[in-house]
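Bear in mind the structure is a predicted one, so any value in this text is a computation, not a measurement. The analysis underlying the following values was restricted to heavy atoms, covering all of them including side chains, and did not include hydrogens, waters or symmetry mates.
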Amino acid sequence: MKNQTVSRSPWTFIPTLYFASGVPYVIINNVSTVFYKKLGINNTQIALWTSLLYLPWIIKMFWGPIVDIYSTKRRWIVATQFAIFCCFGLVAFSLQVPNFFFISLAALTIGAFISATYDIATDGFYLLALNPAQQAFFVGIRSLFYRLAVIFGSGILVVVAGFLEVYFNNIALSWTFAIGFSALILAILFIFHAFILPLPESDIQRQPQGATEKIPYWNVISSYFQQEKIGAVLAFILLYRFGEAMLVKLTSLFLLDKPETGGLGLSTSEVGLVYGTFGVISLIVGGILGGFVISKYGLKKCLFPMALALNLPDIFYVYMASAKPSLTLVYPLVSLEQFGYGFGFTAFSVYLMYVSQGEYKTSHFAISTGIMALGMMLPGLISGYIQEKLGYPVFFILVCLLTIPGMITLFFIPFKEENKRQTS
């Protein structure tokens, strides 16, 4: 099979591959909380079940070798994109039936497993279709288009649904159109990639038996857990965003809830603008600035100040829950909190790379990100229940207090001089 990567520019497929990666993730894990809230599901149920949707991204490392061994990355990409389109089509349809919650949640769960598999295949294809120089150049491009997908999902899509709610005077119908629109976009991307993706010579199907024998599966996993001060490292990964993990599941719900129930009473479109558009843009800017600061001063010097930047702005939600400020003030407060999140999360991401070294660095990074997703899922499971018992003001105070354990772990995690120089 002739290698087409020489004549086909990565600009023709890398942006769309990673846009198609971001759209399902943000709809499954973030937008779902908005439309379930608008459709009358209570906060406890929303936070519990949508937090469980993180699970496939936690355990995807366990079927990564299957994607590597069977078929080609290109076929996996095309097949999973079509399957995600089908899942979203089912979600859109299910919102019109009485037992929509069960059907849509089942479709989102299947979609989550498929989306996590798509991510594995896409990252593998990225390494096969691009040469090392192209890989380095397009790291920023793939991240940008992934973030644009987040803005599309949590911002534009939510704003459009809000306008349709007013136009149709039917919440379920408006979200059927919104989710159906996202499914249509994924269908177009599926057709586009089926024709445009190159056929790298190295993207071949391996012999399953021989390939399996070459993978030191348990050695890879055990070597990760044999690292220096692994207990402190695991505590750091699980606790660094513990408060933020509880906050993120309730943010949209707080903005949507009526003032008499403790929320701010914003419309769907306003939430799409406040949190999904301006908030995400602020998060992106914070992430870019965080990367610049770490490259200039080094990770070890920056980690604690950036942890403070991540956690201290959570106090804004305590203020908003108590004072119920006007929309004019909500915009900058949410944007500042998201900026701090993006800034502080950069340090977290760099440290995950720091502990993913050695012969199996790719697999170790997959383990680290899986544990990271677990650290988001577990607090999210109980966040809705706790909020409904305590009310928003006390809940947000608790969120602020729960940021402290993660910052304490910073004093126990290992640093080595050679890694300090790498991140300087």
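Side-chain atoms of Phe195 and Ile191, non-hydrogen and from C-beta on, do get closer than 4.5 Å to each other. Taking the side chain as every heavy atom from C-beta outward, Val23 and Ile84 never approach each other to under 4.5 Å. Counting only heavy atoms from C-beta outward, the side chains of Thr80 and Thr122 never approach each other to under 4.5 Å. Using a 4.5 Å cut-off on side-chain heavy atoms (C-beta onward), Pro414 and Val233 make contact. Residues Met376 and Val248 form a side-chain contact, since some pair of their non-hydrogen atoms from C-beta on lies under 4.5 Å apart. Side-chain contact check for Asn170 versus Glu165: every heavy-atom pair is 4.5 Å or farther apart. In this structure, Leu53 and Thr109 have side chains that are in contact, with non-hydrogen atoms separated by less than 4.5 Å. Contact check for Val158 versus Tyr275: no side-chain heavy atoms found under the 4.5 Å cut-off.
Although no hydrogens or angles enter the test, the distance criterion places a donor-acceptor pair under 3.5 Å between the side chain of Thr346 and the main chain of Gly342. Of the possible donor and acceptor atoms, none in the side chain of Ser104 sits under 3.5 Å from a partner among the backbone N and O of Val91. A side-chain donor-acceptor contact under 3.5 Å links Gln227 to the backbone of Tyr224. Using modelled atom types, one side-chain atom of Ser269 and one backbone atom of Phe163 make a donor-acceptor pair closer than 3.5 Å. With hydrogens and angles disregarded, a donor-acceptor distance shorter than 3.5 Å links the side chain of Glu270 to the backbone of Ser267. Judged purely by atom type and a 3.5 angstrom limit, Ser115 has no side-chain atom pairing as donor or acceptor with the backbone of Gly111. Judged by distance alone, with hydrogens and angles left aside, the side-chain atoms of Thr176 form no donor-acceptor pair with the main-chain N or O of Phe93 at under 3.5 Å. The backbone N or O of Met246 sits nowhere less than 3.5 Å from a side-chain atom of Arg241 that would complete a donor-acceptor pair. In this structure a side-chain-to-backbone donor-acceptor pair under 3.5 Å is missing from Glu244 to Asn311.
Contact between Gly22 and Tyr146 at its shortest, heavy atoms only, is CA-CE1, 3.4 Å. Scanning both residues, Ser94 and Ile103, for their nearest heavy atoms gives CB-CG2, 3.5 Å. Here the closest heavy-atom approach between residue Gly265 and residue Pro259 is recorded as CA-CD, 3.9 Å. Across Cys302 and Tyr297, no two heavy atoms sit closer than the pair SG-CB, 3.7 Å. The shortest heavy-atom contact between Ala20 and Gln81 is CB-NE2, 3.2 Å. Contact record, Leu39 with Ala172: CD2-CA, 3.7 Å, taken as the closest heavy-atom pair.
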message = As a quick check of understanding, evaluate side-chain contact (heavy atoms from CB on, under 4.5 Å) for Glu337 and Leu247, giving each step before the final call.
response = CA-CA 11 Å; Glu337 187 273 329; Leu247 180 68; 3.6 Å; yes
request  = Output, in order, the C-alpha distance, side-chain angles, deciding distance and verdict of ring pair (Phe, Tyr, Trp, His ring centres under 6.0 Å) for Phe192 and Phe13.
outcome  = CA-CA 9 Å; Phe192 175 78; Phe13 58 91; 9.2 Å; no
key: Pair Ile288-Val285, side-chain contact (heavy atoms from CB on, under 4.5 Å): steps then yes or no   = CA-CA 5 Å; Ile288 294 171; Val285 173; 5.7 Å; no
task = Check step by step if side chain to side chain donor-acceptor pair (under 3.5 Å) holds for Asp119 and Trp57.
result = CA-CA 9 Å; Asp119 292 347; Trp57 284 275; 3.0 Å; yes
request  = Show the numbers, then the answer: is there a side-chain contact (heavy atoms from CB on, under 4.5 Å) between Ile281 and Ile151?
outcome  = CA-CA 8 Å; Ile281 292 172; Ile151 293 176; 3.9 Å; yes
request  = Give the intermediate values and the outcome of side-chain contact (heavy atoms from CB on, under 4.5 Å) for residues Ile27 and Phe88.
outcome  = CA-CA 9 Å; Ile27 291 177; Phe88 277 22; 3.5 Å; yes
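In this pair, Phe35 and Trp175 present their aromatic rings tilted. The plane angle is within the 30 to 60° band. In this pair, Phe152 and Phe19 present their aromatic rings tilted. The plane angle is within the 30 to 60° band. Taking the six-membered ring for Trp and thresholds of 30 and 60 degrees, Phe339 and Phe343 have nearly parallel ring planes, at less than 30 degrees apart. The aromatic rings of Tyr54 and Tyr25 sit tilted, their planes meeting at an angle between 30° and 60°. Note: Phe168 and Phe177 have parallel aromatic rings, judged against thresholds of 30 and 60 degrees for the angle between ring planes.
Between Phe411 and Phe304, the distance separating the two ring centers is shorter than 6.0 angstrom. Annotation: Phe85 is not in aromatic contact with Phe190 [ring centroid separation under 6.0 Å not met]. Centroid-to-centroid, the aromatic rings of Phe254 and Phe396 come within less than 6.0 Å.
In this model, no donor atom of one side chain and acceptor atom of the other lie less than 3.5 Å apart for Thr33 and Lys249. Side-chain atoms of Asp257 and Tyr392 include a donor-acceptor pair closer than 3.5 Å.
Heavy-atom contacts from other residues, nucleotides or ligands closer than 6.0 Å to CZ of Phe102 number 12 or fewer. Atom OH of Tyr331 has more than 12 heavy atoms from other residues, nucleotides or ligands within 6.0 Å. Crowding of Phe101 atom CZ: a count of heavy atoms from other residues, nucleotides or ligands under 6.0 Å exceeding 12. By the 6.0 Å contact criterion, CG on Asn169 is open, its count of non-hydrogen atoms from other residues, nucleotides or ligands being 12 or less.
In this structure, OH in Tyr118 is found 9.0 Å from CG in Leu186, a value given to the nearest 0.5 Å. In this structure, OG1 on Thr44 lies 11.0 Å from CD1 on Ile382, to the nearest 0.5 angstrom. Atom-to-atom distance recorded for Thr117:OG1 and Phe113:CZ is 8.5 Å, nearest 0.5 angstrom. For the atom pair CE of Met306 and CG of Leu289, the computed distance is 7.5 Å after rounding to the nearest 0.5 Å. A distance of 8.0 Å separates OH of Tyr351 from CG of Leu303, quoted to the nearest 0.5 Å. Taking OG1 of Thr328 as the start and CG of Leu333 as the end, the distance is 11.0 Å to the nearest 0.5 Å.
When the side chain to side chain donor-acceptor pair (under 3.5 Å) test is applied to Thr12, no partner is found at least two apart in sequence or on another chain.
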